K.L.:
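Let me begin by handing over the structure; questions about it come next.
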Amino acid sequence: MTLRIGKIDYLNIWHVFHLLEQSCPEGPDFHYQPGHPSELNRALDSGLLDVSPSSSFEYLLHAEKYQLLPGASISAEREVQSVLFLSPAPLNELPAWLEKNPGPIRLTGASATSSALLRVLWSQRWELPPVSWSEVPPGAGLDTGRPFLEIGNAALRHFILPPPGYHIYDLASEWTAWTGLPFVFAVWIVRRALNDTAAALLERLNRHISRITASLPEHFDTLSRQPYRPDWLPAPSLIRYWQAMSYGLGAREQAALLLFGECCTRQGLLPGAPGLTWFGRQ
């Protein structure tokens, strides 16, 4: 029995997996499957993965299929720097810009959570008029010349090196300014009905995740100098990025996740906001 683990291939959790694979290496017990969040959502939904950090929206949409790994998430309560809405006009001028330049808002196909968050902020916080939305491949938003949502490493590059003529809105900052809560971008989702062997391996994995995330700041300097870091990203900027993240799932994160579910339900993106169910808890 091998525990099949989804691995988000972004810098916001690369350092966690770098350390995790030293404690729980690839082999007969553990297999790591890389992908962006939407790919991992599909793999979880189809039963190809047992556990993965994946879109919080995926859990909210299909909670009957999943459990949550206690105490683990990818969250932010200030500039997350890698989930951005980029607009050729400031928000207060965007409706007029769209009248002169009709067409859709572009959404990256990499993240259901970030797409849902933008839709919620668009109507419920910014109170902007209804628009059409269309999906583009990850990293392709800037080429469209339209307002667009970008996430992950491509978004972080836009944050570090802003494209001329664009206004940048950090969606974590917008959510926190609106709600006073962090935003939970990803949770560790567990496929229901794991057998006893897989459950024991997952308990072992979770112990290491908790230990690693608690000690991450001790490793920032060393990890920031690894060859994985892109040329455009200075080590101090990478450390600042990691410092913006939190990896727990405490009371405030749980409240934020439930509130996001309620907002998505009001938006018509969910049929209802589910409760939270946990791996290992009866």
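Not measured: the values here are computed from a predicted model.
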K.L.:
Would you indicate whether the side-chain heavy atoms of Pro53 and Trp188 approach each other to under 4.5 Å?
P.N.:
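Trp188 reaches Pro53 side chain to side chain.
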K.L.:
Can you tell me how far CZ of Phe260 sits from OG1 of Thr179, rounded to the nearest 0.5 angstrom?
P.N.:
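Here the rounded value is 11.5 Å.
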K.L.:
Please report the interatomic distance CG(Leu216) to CG(Leu223), rounded to the nearest 0.5 Å.
P.N.:
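The CG atom of Leu223 is 8.0 Å from CG of Leu216, to the nearest 0.5 Å.
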K.L.:
Per the ring pair (Phe, Tyr, Trp, His ring centres under 6.0 Å) rule, what does the pair list look like for residues 222-243, sequence neighbours excluded?
P.N.:
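Qualifying pairs: Trp14-Tyr228, His15-Trp242, Phe220-Trp242.
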K.L.:
Check whether any side-chain N or O of Arg146 sits under 3.5 Å from a backbone N or O of Pro104 as a donor-acceptor pair, and report yes or no.
P.N.:
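Confirmed, Arg146 side chain pairs with Pro104 backbone.
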K.L.:
Should Glu93 and Lys100 count as an ion pair when the cut-off is N to O under 4.0 Å?
P.N.:
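Salt bridge flag = no for Lys100 with Glu93.
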K.L.:
Do Leu118 and Trp126 make a side-chain contact, defined as non-hydrogen atoms from C-beta onward lying under 4.5 Å apart?
P.N.:
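Yes, at least one pair of side-chain atoms sits under 4.5 Å.
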K.L.:
How many angstroms lie between atom OG of Ser87 and atom CG of Leu128, to the nearest 0.5 angstrom?
P.N.:
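It comes to 9.0 Å.
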K.L.:
For residues Ser82 and Tyr10, determine if any side-chain heavy atom of one lies less than 4.5 Å from a side-chain heavy atom of the other.
P.N.:
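Ser82 vs Tyr10: side chains apart.
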K.L.:
Step by step, work out the ring-ring contact (aromatic ring centres under 6.0 Å, His included) result for Tyr166 and Phe148.
P.N.:
CA-CA 10 Å; Tyr166 275 84; Phe148 68 98; 5.7 Å; yes
K.L.:
Answer yes or no: is there a side-chain heavy-atom contact under 4.5 Å between His31 and Glu26?
P.N.:
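In short, these two side chains touch, coming nearer than 4.5 Å.
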K.L.:
Would you say that Leu149 contacts Ile105 through its side chain, given a criterion of any heavy-atom pair below 4.5 Å between the two side chains?
P.N.:
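A side-chain contact under 4.5 Å is absent here.
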K.L.:
Going through the checks in order, is the side-chain contact (heavy atoms from CB on, under 4.5 Å) test met by Ile8 and Ile74?
P.N.:
CA-CA 11 Å; Ile8 296 178; Ile74 306 175; 4.2 Å; yes
K.L.:
List in chain and number order the residues that pass side chain to side chain contact (heavy atoms under 4.5 Å, CB included) with Arg125, two or more places apart in sequence or in another chain; answer none if no residue qualifies.
P.N.:
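Per chain and number, Arg125 pairs via side chain to side chain contact (heavy atoms under 4.5 Å, CB included) with Leu121, Glu174, Ala177, Trp178.
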K.L.:
Just jot down the side chain to side chain contact (heavy atoms under 4.5 Å, CB included) partners of Ala76, sequence neighbours excluded, or say none.
P.N.:
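Here the qualifying residues are Val80, Ala172, Phe185.
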K.L.:
Give the intermediate values and the outcome of side-chain hydrogen bond (donor to acceptor under 3.5 Å, both in side chains) for residues Arg192 and Thr277.
P.N.:
CA-CA 10 Å; Arg192 287 183 182 266; Thr277 58; 3.2 Å; yes
K.L.:
Is the shortest heavy-atom distance from the side chain of Lys65 to the side chain of Glu58 under 4.5 Å?
P.N.:
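SC-SC contact between Lys65 and Glu58 ruled out.
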K.L.:
For a side-chain contact (heavy atoms from CB on, under 4.5 Å) with Leu60, tell me which candidate from Thr113, Leu257, Leu258 qualifies.
P.N.:
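In the set Thr113, Leu257, Leu258, the residue that makes a side-chain contact (heavy atoms from CB on, under 4.5 Å) with Leu60 is Leu257.
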K.L.:
If I compare all heavy atoms of Pro182 with all of Thr176, which pair ends up nearest, and what's the gap?
P.N.:
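Minimum heavy-atom contact is CA-OG1, 4.1 Å.
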K.L.:
So do Leu202 and Asp50 actually touch side chain to side chain, heavy atoms under 4.5 Å?
P.N.:
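With C-beta onward as the side chain, the pair stays apart.
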K.L.:
Does CG belonging to Asn195 count more than 12 external heavy atoms closer than 6.0 Å?
P.N.:
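Enclosed.
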K.L.:
Quick one: do the Arg106 and Ser134 side chains pair a donor with an acceptor below 3.5 Å?
P.N.:
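Yes, because at least one side-chain N or O of Arg106 sits under 3.5 Å from a partner of the opposite role on Ser134.
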